[in-house]
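Letters A, B, ... are given to chains in the order of the sequence lines, protein chains preceding strands, and every chain is numbered from 1.
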Number of protein chains: 2
Amino acid sequence: MAISGLMPKVTLREVAEHAGVHPATVSRALNPETQGMLNSETLARVLAAARELNYQTNTIARSLRTQRSLTVGVLIPDIMNPLFPSIVRGIEDTLDRADYTSLIAYTDGRVDRVDARLSRLRQRGVDGLIVATAQLRDPTLEELLAEGVAVVQINRRSTSKAIPSVTADAAGGMLAAIRHLAELGHERIAYAGAPLRVSTGRARLDAFRRGMRAAGLEVVAERIEQTQSVSVGEGARAGRELLARAPDLTAIVTANDLIALGCYDAVAEAGRSCPDDVSVIGFNDMPFTDRFDPPLTSVHFDQYEMGASAAAMLLRRLSGESSGAPRVELETTLVVRASTAAPPKQR
Amino acid sequence: MAISGLMPKVTLREVAEHAGVHPATVSRALNPETQGMLNSETLARVLAAARELNYQTNTIARSLRTQRSLTVGVLIPDIMNPLFPSIVRGIEDTLDRADYTSLIAYTDGRVDRVDARLSRLRQRGVDGLIVATAQLRDPTLEELLAEGVAVVQINRRSTSKAIPSVTADAAGGMLAAIRHLAELGHERIAYAGAPLRVSTGRARLDAFRRGMRAAGLEVVAERIEQTQSVSVGEGARAGRELLARAPDLTAIVTANDLIALGCYDAVAEAGRSCPDDVSVIGFNDMPFTDRFDPPLTSVHFDQYEMGASAAAMLLRRLSGESSGAPRVELETTLVVRASTAAPPKQR
DNA sequence: CTGAAAGCGCTTACAG
DNA sequence: CTGAAAGCGCTTACAG
């Protein structure tokens, strides 16, 4: 195929001249919706001319005229966070099939950057939004909703039930994690959580508490510590705190793999070993967890599917096919690796 | 800040009416380049009106008129390849500061997808391209070059010296890797390489050979194996091959961390251990290599900087500031971790 | 079934 | 210094 310059250079008018018809006729010939209006002979002639000249629709001109950019804004904390590449790929593959393109914007977890990012996306004329940065109470999202903007939340969600979302089933994952530990013989299970201002932090803490009770185990305040941000460093801090406050704990369940990695550090610093002295469980099952030392037992969900499903949901809204606010919860499963074992006293 | 709808709704004309001037005057007032033409009183009045109505330029309309989209196409194999998130982030942060946006497209390493991807980017009117998918012989890139398209190669480069590029210094990295092994006492060092149709594969193989000679070590054909693709699976295959053909090898240098991970598997399968029996060295130093089992000794370069530098280079071309074809080589350093140790016989 | 016209929201040479 | 006009490349009611 020939790449004939980056800006499209052949215009509708040139194709029209070549085929001896009016530009409007070319436009109709190239649009599957309006193709039927044309005499089949005319259609064939126009199509031949378009092919010959290697005509490509100028998306910018079309967008200005139709007031639709075929573009979707994707707001995420940071693509360098290992959770997001798969999600983004799932989104983009799905959008791509519908001839949509995504414009990605980063907040780096800073709430004060959201509006500026959104504003730039708006300038670019995005038709809808996929937002992975929802706060539990999120006035910005409420506002978008009120204005009828097509928006889908992903991974996290705000309290508003009116905004569609795709999240991971925290309850199922946590329950599986705790059951696994209980079956190994653990009783003094600690929890290192993610910030409570976002739904993942809140949901996983709730799920931990419920899961413990369901397993007939005691939820003790000293064995729960929240992080201020989702990072290895904060995970290590939380791990240290827990080990200092409750030295007899035998397992730490976490809200995130990075926090789990921090707990690895805290356990090692305390002169203990994972999994022999302390079992650790992550959440998200990020890439290469199976390569960690030790391989991390983690709650898994399909990240690519999360992205794909959110994009499909948004496309449905954009095409007017759906108007409800579905809240999809993706199945979570526990992937057992080598960071969990029977507690020391059992040996 | 108020988000007033996703598509920009306040137009230049409305601001003009509000300020009692002609739309052209508003346009001039909002453009720093033409602001100076205006009476300062008029300017102030227009700016006040624009602020009051929360006017945002409609990028699509502006692009159609100016024939510049302020958009750059980024062609990469796959964002799920751990090399790319940092590179992409470096690109986007740099573009962002110049009010450019990136449109990302994926090839999944398939040469036959390049033209279709490029074609879609063209439809979207991108002003330039950053390409991470260069083949050693790359007719598509030659064609783009011939048409005067602004394009920068990243990570890989084609043989054409006329296309600017930002790559990692393979020679320096390889030399450091081999020196490190030689100092530990290794002599029978093997190499598991990346496909030779891309520059990274070619450059790293050449660098390995030169490095070996520079260290006074023998380059033996049985101790060199190429992979068909850069993946853990192919790395394992290459590793097995090497261990079968040259069982007395004591170290494997690789062209990529994923290949190194595959070599971990091959070494384990052979009932040997890393680093006690076989040392392994990666290339790229992807995220979390320090968490692997064992932590991977790898050739490091600044991936974010690679992206940032390529984007800056492209912006310079787009603004007409530069017209040469710089070939930047980023410094590489060896990060020594626990996958390398003295060879067994030395113990 | 096809054409002619209008217009999406900007910018910029051209007047005055 | 500011306005009036043209036009970027499309699509789509409106005629015929």
Side-chain angles (χ1 to χ4, degrees), chain A residues 5-47 49-50 53-71 99 122-125 127, chain B residues 5-47 49-50 53-71 99 122-125 127:
Chain A
L6 258 191
M7 283 295 280
K9 13 173 72 141
V10 180
T11 67
L12 218 46
R13 206 160 60 82
E14 296 176 74
V15 177
E17 277 162 19
H18 201 81
V21 296
H22 192 271
T25 306
V26 179
S27 176
R28 292 185 186 109
L30 266 25
N31 181 347
E33 311 269 289
T34 51
Q35 236 167 225
M37 298 179 173
L38 302 187
N39 177 315
S40 64
E41 196 184 306
T42 315
L43 178 61
R45 191 151 38 96
V46 172
L47 260 26
L53 299 179
N54 189 27
Y55 173 76
Q56 304 272 97
T57 304
N58 180 326
T59 308
I60 290 171
R62 176 200 274 161
S63 294
L64 179 58
R65 172 61 231 236
T66 61
Q67 301 286 73
R68 302 190 64 207
S69 64
L70 298 184
T71 267
D99 277 320
R122 174 159 64 120
Q123 276 194 45
R124 294 266 170 186
D127 296 329
Chain B
L6 258 189
M7 283 295 279
K9 13 175 68 144
V10 179
T11 68
L12 217 47
R13 207 161 57 81
E14 296 176 74
V15 177
E17 277 164 18
H18 202 81
V21 296
H22 193 269
T25 305
V26 180
S27 176
R28 292 185 187 110
L30 266 25
N31 181 347
E33 312 269 287
T34 51
Q35 234 166 227
M37 298 181 174
L38 302 186
N39 177 313
S40 65
E41 196 184 306
T42 315
L43 178 60
R45 192 152 35 99
V46 172
L47 260 25
L53 300 180
N54 188 28
Y55 174 76
Q56 304 274 97
T57 305
N58 180 327
T59 307
I60 291 172
R62 175 199 277 160
S63 294
L64 179 59
R65 173 61 229 239
T66 60
Q67 302 286 71
R68 302 190 63 207
S69 64
L70 299 185
T71 268
D99 277 320
R122 174 158 63 119
Q123 277 193 44
R124 293 268 171 186
D127 296 328

Could you check whether any side-chain heavy atom of B:R13 comes within less than 4.5 Å of a side-chain heavy atom of B:E17, counting everything from C-beta outward? yes
Looking at DNA chain C, which of residues 17-25 of chain B put a heavy atom within less than 4.0 Å of it? B:A24
Look at B:Q67 and D:dG7 and indicate whether a side-chain polar atom (N or O) is within less than 4.0 Å of OP1 or OP2. no
Salt bridge A:R45-A:E41, side-chain N to carboxylate O under 4.0 Å: no
Is B:T11 close to B:N58 at the side-chain level, that is, under 4.5 Å between some pair of heavy atoms? no
Mind listing the closest non-hydrogen atom pair of A:Q35 and A:L43 along with its distance? CG-CD1, 3.6 Å
Distance check, rounded to the nearest 0.5 Å: A:H22 atom NE2 versus A:R28 atom CZ? 8.5 Å
Please report, rounded to the nearest Å, how far the P atom of C:dC8 is from the CD1 atom of B:I60. 15 Å
Does some side-chain heavy atom of B:T71 sit less than 4.5 Å from a side-chain heavy atom of A:R124? yes
So does B:Y55 get a side-chain nitrogen or oxygen closer than 4.0 Å to the phosphate oxygens (OP1/OP2) of C:dG9? no
Measure the distance from CD on A:Q123 to C1' on C:dG9 and round it to the nearest whole Å. 13 Å
Does any part of the side chain of A:L30, heavy atoms only, come nearer than 4.5 Å to the side chain of A:L12, both counted from C-beta? yes
Does C:dA4 pair with anything, Watson-Crick or G-U wobble, both distances under 3.5 Å, and if so, with which nucleotide? none
Closest non-hydrogen contact found for A:L64 with B:I60 is N-CG2, 3.7 Å
What is the distance, to the nearest angstrom, from the CG atom on B:L12 to the C1' atom on C:dC8? 13 Å
Without decimals, in angstroms, what is the distance between A:R124 CZ and C:dC10 C1'? 15 Å
Let me know the distance between CZ of A:R65 and P of D:dG7, rounded to the nearest Å. 19 Å
Rounded distance (Å) that lies between atom P of D:dC8 and atom CZ of A:R13: 7 Å
In whole angstroms, the gap separating P of D:dG7 from CG of A:N58 amounts to 18 Å
Go through residues 26-39 of chain A and report each residue with a non-hydrogen atom lying under 4.0 Å from DNA chain C, sorted by number. A:R28, A:M37, A:L38, A:N39
Compare all side-chain heavy atoms of B:T25 with those of B:L38 and state whether any distance is below 4.5 angstrom. yes
Under 3.5 Å for both donor-acceptor distances, Watson-Crick or wobble: does D:dA13 have a partner, and if so which one? none
How close or far is atom C1' of D:dC1 from atom CZ of B:R45, stated in whole angstroms? 12 Å
Give a yes/no answer on whether the side chain of B:T66 brings an N or O atom under 4.0 Å of OP1 or OP2 in C:dT12. no
